[in-house]
Amino acid sequence: MRWKSLIGALVLFLLTAVEAGAKPAETLTQNEFMTAESLDAGLSQIGVQFSLGEGYRSFYPAFRHGLGALFEVGLRGGVSTVDAGAEDKVAGFVGGDIKYQLVKSTEGVPVDMAIDVGFDTHVISNKNVSELTFATIFSKSFPLTDHGYKVTPYGGLSVAAQYGSYFSDNETDYYVFAGAEWKISQKTMLYLELKTGEHTVGGLGVRFEY
């Protein structure tokens with residue numbers, strides 16, 4: 001019950017923090033939804049993720065796969081509903097990223113550390129918005145039982161260069177983000193995250209490992 005209450009409080013906080021500044025969309029940046037720990041070679045995850053930003057909402061399936069040698073790749077694609085004054089517009093988008101784990105936690109190093117490079121592109125009313133991102137991620141796992149269940153808080157810094165024909169100006173924005181991965185079973189993970197800086201976006205997701 002304690003964890004259920006905590007999850008509910010975090011969801012309410014995310015929604016309140018983002019909706020407080022709701023206005024027509026000025027960016028379409030997405031949440032990170034990843035810890036610094038890379039998947040083992042050949043291991044995959046699939047799930048769905050939801051982001052609530054300033055003037056937009058995104059819902060999208062996501063896939064991640066461990067390549068080995070501490071590399072991990074992600075793919076995603078879905079839809080965004082964009083506030084555009086008198087009416088909302090629906091945008092389709094696709095994206096992907098590649099992550100490399102620089103540091104694995106040991107007795108002498110208390111956290112995992114990774115870098116991630118990503119790219120997303122939206123199409124809205126025959127116009128586009130593309131975003132190139134670079135993030136540095138830190139995380140630390142805390143086991144809950146002896147059967148693999150654990151909570152992994154994570155956070156970091158990211159920079160996003162956004163360009164295209166939909167918004168009047170190209171821009172480069174800086175963000176900090178913090179979230180948690182809750183492994184509720186050996187194959188199921190829940191995610192909560194808040195990302196803020198030039199703009200604010202909160203989100204939640206679920207992924208299944210196979």
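The figures that follow rest on heavy atoms only: side chains count, while hydrogens, waters and symmetry mates do not. By convention here, the first residue in the shown sequence is residue 1.
For Phe167 against Thr27, the heavy-atom pair with the smallest separation is CZ-N, 3.6 Å. Across all non-hydrogen atoms, the minimal contact from Leu43 to Tyr210 is CD1-O, 3.4 Å. Heavy atoms only, all atoms of each residue included: Thr133 and Ala160 are closest at CG2-CB, 3.8 Å. When all heavy atoms are compared, the tightest approach of Ala36 to Ala114 is O-CB, 3.4 Å.
Legend: salt bridge (charged side-chain N to carboxylate O under 4.0 Å, His left out) pairs involving residues 34-46, not counting sequence neighbours, sorted by first then second residue: Glu37-Lys150. Under the salt bridge (charged side-chain N to carboxylate O under 4.0 Å, His left out) criterion, the residue pairs touching residues 94-105 are Arg64-Asp97, Glu72-Lys99, Arg76-Asp97, with sequence neighbours excluded. For residues 197-210, the set of pairs meeting the salt bridge (charged side-chain N to carboxylate O under 4.0 Å, His left out) definition, not counting sequence neighbours, is empty.
When the side-chain contact (heavy atoms from CB on, under 4.5 Å) test is applied to Lys140, the partners found at least two apart in sequence or on another chain are Val111, Phe142. Every residue was checked against the ring pair (Phe, Tyr, Trp, His ring centres under 6.0 Å) condition with Phe59, not counting sequence neighbours, and none meets it. In this view, Val73 and His65, Leu67 satisfy the side-chain contact (heavy atoms from CB on, under 4.5 Å) rule, not counting sequence neighbours.
Ring geometry for Tyr191 versus Phe33: interplanar angle over 60°, hence perpendicular rather than tilted (30 to 60°).
Open room surrounds OH on Tyr174; 12 or fewer heavy atoms of other groups in view lie less than 6.0 Å from it.
With respect to Asp88 and Arg57, a salt bridge is recorded, a charged nitrogen being found less than 4.0 Å from a carboxylate O.
When the options Leu102, Ile115, Val159 are evaluated for a side-chain contact (heavy atoms from CB on, under 4.5 Å) with Thr136, the one that passes is Ile115.
Judged by distance alone, with hydrogens and angles left aside, the side-chain atoms of Ser38 form no donor-acceptor pair with the main-chain N or O of Phe71 at under 3.5 Å. With hydrogens and angles disregarded, no donor-acceptor distance shorter than 3.5 Å links the side chain of Glu193 to the backbone of Phe177.
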